[in-house]
Amino acid sequence: MYAITGITGKVGGALARALLADRRPVRAVIRDIEKGRFWASQGCEIARAEMQDPASLTAAFTGTDGVFILFPSEFDPAPGFPEARAVIAAVKAALESARPNKVVCLSTIGAQSTKSNLLTQRTLMEQALGELPMPITFLRPGWFMENAEWDVASARDKGMIASFLQPLDKPVPMVATADIGQVASELLQQNWTGKRVVELEGPKRVSPQEIGTIFAKILGHAVRVEVVPRKTWQALFESQGMLHPLPRIQMLDGFNEGWIDFEGGQASTIKGKVELQIVLQELVDRAG
């Protein structure tokens, strides 16, 4: 039995589908029973749990061969990342009590960085869960290709996308959530000892300018890419309702300046199979 947190999201869903395709039993760990009805119809066992509640998580993780941990994303964290720390403490306590045979955690590119930024939440996770006695793998994917979902309407309706990733011709390590789910499935079905890190990116690195080019090909009209000036970020994010924009700004700086990257370098990463054009086509089709 494999317990999956975050199954209602893109990565967790892709992982569940991969495991079910391999005829592996899956326990869907969810907060909302209604959202679990689909996975129950697919043959999954359902366990209700809150990510800050050690008792419900312990019950969900008990009796499993493997557990997949996907921490909820906090895009506007308070100083010191208290939201992430609360979830980390609960998950660690639950894993210590439940003692699954192995654990795979979704982490991130750049989790090894000592510079504070939005991804530091995953750094804290790795530090805490890395102390657990059972075998554990931290899967560090690159920038999600599906982040381009935010650009679909602008590319379609205005022929323009705005980029925080800069310069526009700099290739960025990106990966499709389908590849993340597939690799996570393979990792969960492996046996290993101790702690390990697996870094994952797509078939090739892609620049913001290339994203515009691919959108243009799909949409059948020109799509220009415009830089969002660095000096405008804080005011822009605050106007969008963010209370603490600095971690997000620091993360973007990390990608643009190069200190958020894979610890082992590009040569050591696993390469996914899904091309960016496939993902962008799906996003455009879904948007209608």
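Sequence positions, counted from 1, serve as the residue numbers for this chain.
- Each of Glu146, Gln182, Lys10 was checked for a side-chain hydrogen bond (donor to acceptor under 3.5 Å, both in side chains) with Thr177, and the lone residue meeting it is Glu146.
- If you chain together hydrophobic residues whose side chains sit under 4.5 Å apart, Trp143 and Leu283 fall into the same group.
- By the salt bridge (Lys or Arg N to Asp or Glu O under 4.0 Å) test, Arg85 pairs with no residue at all, sequence neighbours left out.
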Next item on the list: Evaluate side chain to side chain contact (heavy atoms under 4.5 Å, CB included) for Met125 paired with Phe71, printing each intermediate quantity in order.
Entry: CA-CA 9 Å; Met125 176 199 72; Phe71 280 75; 3.1 Å; yes

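- Residues Thr269 and Glu201 bring a donor and an acceptor atom of their side chains to less than 3.5 Å of each other.
- Listed by chain and number, the residues in a ring pair (Phe, Tyr, Trp, His ring centres under 6.0 Å) with Phe164 are Trp233, Phe237 (sequence neighbours excluded).
- By the 4.0 Å N-to-carboxylate-O rule, Lys102 lies close enough to Asp65 to be salt-bridged with it.
- The list of side-chain hydrogen bond (donor to acceptor under 3.5 Å, both in side chains) pairs with a residue in residues 116-134, not counting sequence neighbours, reads Lys92-Glu131, Ser107-Glu126, Glu126-Arg140.
- Taking every heavy atom of both residues into account, Ala128 and Ile88 meet most closely at CB-CG2, 3.4 Å.
- Here Gln281 contributes atom CD and Ile214 contributes atom CD1; the two are 11.0 Å apart, rounded to the nearest 0.5 Å.
- Partners of Gln240 under the side-chain hydrogen bond (donor to acceptor under 3.5 Å, both in side chains) rule, at least two apart in sequence or in another chain, do not exist in this structure.
- For Arg196 and Trp192, the positive end sits near the middle of the six-membered ring, less than 6.0 Å away and at most 45° from its axis.
- Within the structure, no pair that satisfies the side-chain hydrogen bond (donor to acceptor under 3.5 Å, both in side chains) test touches residues 154-175, not counting sequence neighbours.
- Although no hydrogens or angles enter the test, the distance criterion places a donor-acceptor pair under 3.5 Å between the side chain of Thr213 and the main chain of Gln209.
- Residue pairs meeting the side-chain hydrogen bond (donor to acceptor under 3.5 Å, both in side chains) criterion with at least one member in residues 248-257, sequence neighbours excluded, are Arg230-Asp253, Glu257-Trp259.
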